[in-house]
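Proteins come first, then strands; the chains are lettered A, B, ... in the order of their sequence lines, and each starts at number 1. Note: hydrogens, waters and symmetry copies are ignored here, and every other heavy atom, side chains too, is used.
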There are 2 protein chains.
Amino acid sequence: MADRQAEGRGEVERASARPATILDVAARAGVSKSVVSRVLTQAPGVAAATRERVLHAAGELGYVPNTMAQAMVARRTGALGAFVRDASTPFYGHLLTLMQDRAAELGYRVVTATGSGRFSVADERRALDVMTGLRVEGLVICSGLLPERDVEEVAAKVPTVVAGRPLVSDACGSVFCDEAGGGRGVAEHVHALGHRRVAVLVHSPDLSLTLSPRSRAAADHLTELGADVVRLPVHDFWRTTHEDVDAVVAAALDAGATALVLPSDRLALRALEALRVRGLEAPGDLSVTGYDGFGELASPFLGLTTWRQPLPTIARMAVDSLVGLVQGRVDGRGATALAGELVVGRTASTPA
Amino acid sequence: MADRQAEGRGEVERASARPATILDVAARAGVSKSVVSRVLTQAPGVAAATRERVLHAAGELGYVPNTMAQAMVARRTGALGAFVRDASTPFYGHLLTLMQDRAAELGYRVVTATGSGRFSVADERRALDVMTGLRVEGLVICSGLLPERDVEEVAAKVPTVVAGRPLVSDACGSVFCDEAGGGRGVAEHVHALGHRRVAVLVHSPDLSLTLSPRSRAAADHLTELGADVVRLPVHDFWRTTHEDVDAVVAAALDAGATALVLPSDRLALRALEALRVRGLEAPGDLSVTGYDGFGELASPFLGLTTWRQPLPTIARMAVDSLVGLVQGRVDGRGATALAGELVVGRTASTPA
DNA sequence: TTGTATGCGTTATCAC
DNA sequence: GTGATAACGCATACAA
């Protein structure tokens, strides 16, 4: 039904009709394409009457310039690339939105790519090729998985800033949180509350470049402060299940810990759930701390004691320093470590 | 510092160096650009030895084809556009990721645009122009704000599917949840629990095309079932603050309601918080229900009684029917209403 | 098997 | 003021 018979002017045309080009507009306005181009680029030297005709014709045709053709001749795309590991992860989702806003303020579009949610490094490399194929002028990489070697390789091709992951390299800039500082901050708070036997969920470095240092720092600092530390390892970061967390909680309780330190709010929420299922609660039976401090889990209803990462600042600094790099105004390839802040909630208190 | 003096082969070259073109590869391999093109497009008719040389040269130069140039000659971009109102909203964030995955499976890239987080319809129109300028082959619109007129206008230019918002038009396809059905489902559950005096937060239609019908349906159906319904209006959807929700909770309690029905999990969480601040709790003092049922707020720890939207199905169907439209295989312009399901949690129970 | 020529839609540099 | 014309980087029909 609805065959291609709509050629009338006023009707709704088929979406399949090829988009109007500058030539169509020119023909309709009875001028050459040069004039159309001048009108649309606000260039001077066009008679007012002609301009009106061109504008009118463009409007009627619903003409929108082909961005790619523009980019080809302009030799610039006005686009920044954002490569995020998984946009559905709240951390990356928020980061993405914030970066997009800032980039728009600076006159850049943002095109994003993801490793398609899978775990393969090869996938991530291909995603990077997509970005360079699009000729983005700069690239923000938000992935804790991609090997440093690959980052430097792509950084050789296009100005690159790594966000949310500790990386010190003179090939690119980086903006990230002081993970060790955050871990110590949490440790200090827990110790100050009076806990002397503390369980800490510790990630191994090969699982996560962020969770690992923060959890290690927390454990180390608690030890320095003189507390007994029970280090609970985790096997697979991306698939840490409720059962895994449940086992961690059980281990913490078995070990007689009065507090459990977790490297993310998401894990903390699961720990709270595990406690609840056991008929226990935080902080009465076990003090619980998280890490992140943004989004839904930062709700005062949950009252999670956590460490807040300065997400807006990360996003802004990443984009700003990338744009600086792109425009060659600044060297912008240093590493910037940002401090977070303690959020005192109700899930951690003095030990019973 | 670090002036442009790095011309050495093995060194890390300046990122500012212009990306290699097919001509560079051709020159380095000692062939014409046609041969390079054939090798890279897997076209037959190239001597094995030549192919090797070309591949080697391309590898050395780190050559990545310019996607835009390819698109220009191919007259297709292989890209779908996703226009989302606010990617930091969990609903849209999840939707985006799911759509991206499905599109990748079907061989399409997804380029996203947002209304820059602001409220202006003009901004949204400009964002749509960005998409059409990029010559996306199809467009998924996820915005409850954009007027139907604008949707149909863009749908005349490019195949369009509206996702997550009720819209019946023969200009485009649409996939959305049966909002009224969901509202009735919640109402039925609350009534079945025994509540006979229920407060319902009701949005006016001009604030949200989704929250409004679901909240109205809930209120209407409760009335039909014979319950006393206290309709609490809300003034500004996007800025509904904790204070607003607090006032709603207060009003519900004042009116002697035993249950409070809210049109989103986010609002429900705020209601729970408002209760907690008052030293009250759900469901003891007031039963509370939400709506959405995905992401962090679906955690069993919160135990929210809610209505789950089939987000993955929405995403999949939206992309599938859009691709069908793009490829002209199906008409794909019908409206598809998806059913959700009740999630029985612990925040709603029989009245005290 | 390989090289040459043309065109995709646009901007910019020329002449007129 | 306006109109040809040359790029931009690539794929492809066609000639060698």
Side-chain angles (χ1 to χ4, degrees), chain A residues 17-55 57-58 61-79 129-130 132-137 157-158, chain B residues 17-55 57-58 61-79 129-130 132-137 157-158:
Chain A
R18 286 220 253 85
T21 74
I22 198 172
L23 280 176
D24 298 322
V25 178
R28 189 169 242 267
V31 296
S32 78
K33 60 173 183 170
S34 310
V35 177
V36 178
S37 179
R38 284 192 202 102
V39 171
L40 269 46
T41 55
Q42 320 265 16
V46 179
T50 320
R51 147 168 289 123
E52 285 315 310
R53 256 190 309 148
V54 169
L55 253 24
L61 261 37
Y63 171 73
V64 178
N66 185 325
T67 306
M68 297 180 305
Q70 288 180 314
M72 284 210 55
V73 50
R75 291 169 150 280
R76 64 178 303 264
T77 57
D129 278 351
V130 170
T132 56
L134 256 16
R135 296 294 187 267
V136 294
E137 297 181 34
K157 296 187 194 173
V158 48
Chain B
R18 285 220 254 90
T21 75
I22 199 173
L23 279 176
D24 298 323
V25 180
R28 189 169 242 267
V31 297
S32 79
K33 59 174 184 166
S34 316
V35 177
V36 178
S37 178
R38 285 191 203 103
V39 171
L40 268 46
T41 56
Q42 320 266 15
V46 179
T50 321
R51 148 167 289 123
E52 285 315 310
R53 257 190 311 148
V54 169
L55 253 23
L61 261 35
Y63 172 72
V64 177
N66 184 325
T67 305
M68 298 181 304
Q70 287 181 312
M72 284 209 55
V73 49
R75 292 167 149 278
R76 66 178 302 265
T77 56
D129 277 350
V130 170
T132 55
L134 256 16
R135 294 296 186 267
V136 293
E137 297 181 33
K157 295 188 195 174
V158 48

T41(B) side chain to S37(B) backbone, donor-acceptor under 3.5 Å: yes
OP1 or OP2 of dG9(D) under 4.0 Å from side-chain N/O of R75(A): yes
Out of dT10(C), dT2(C), dT2(D), whichever nucleotide has its closest atom nearest the side chain of P65(A): dT10(C)
Upstream residue (5' side of DNA chain C) when N66(A) and K33(B) are each assigned their closest nucleotide: K33(B)
Shortest side-chain distance from R135(A), nucleotide among dC14(D), dT10(C), dC10(D): dC10(D)
Options dT2(C), dT2(D), dT12(D), nucleotide nearest the side-chain atoms of V35(A): dT2(D)
side-chain N/O Q70(A) vs dT11(C) OP1/OP2, d < 4.0 Å: yes
Sugar-phosphate only, base, or nothing, as touched by T21(A) at under 4.0 Å among non-hydrogen atoms: sugar-phosphate
Nearest to side-chain heavy atoms of V31(A), which nucleotide of dC8(D), dT10(C), dG3(D): dG3(D)
L55(B): which of V25(B), L40(B), T50(B) passes side-chain contact (heavy atoms from CB on, under 4.5 Å): L40(B)
Spacing between M72(B) atom CE and dT11(C) atom P, to the nearest angstrom: 11 Å
Test item: T77(B) side-chain N/O and R135(B) main-chain N/O as donor-acceptor pair under 3.5 Å: yes
Distance test, side-chain N/O of S37(A) to OP1/OP2 of dT11(C), below 4.0 Å: yes
Pairwise 5' ranking along DNA chain D for T67(B) and R38(B), keeping only the more 5' one: T67(B)
Of the listed nucleotides dC14(D), dT2(D), dT10(C), the one nearest the side chain of V73(A): dT10(C)
L23(B) CG - dC8(D) P separation (whole Å): 9 Å
Whole-Å gap separating C1' (dT10(C)) and CZ (R76(A)): 15 Å
Position toward the 5' end of DNA chain C (nearest nucleotide), A47(B) or I22(A): A47(B)
Expected output: side-chain R53(B) to main-chain A29(B) donor-acceptor under 3.5 Å: yes
dA11(D) phosphate, OP1 or OP2, under 4.0 Å from S34(B) side-chain N/O: no
Between dT12(D) (C1') and Q42(B) (CD): distance, integer Å: 17 Å
Rounded distance [0.5 Å steps], CG in N66(B) versus CG in L134(A): 8.5 Å
Rounded interatomic separation in angstrom, taking CE from M68(B) and C1' from dG7(C): 17 Å
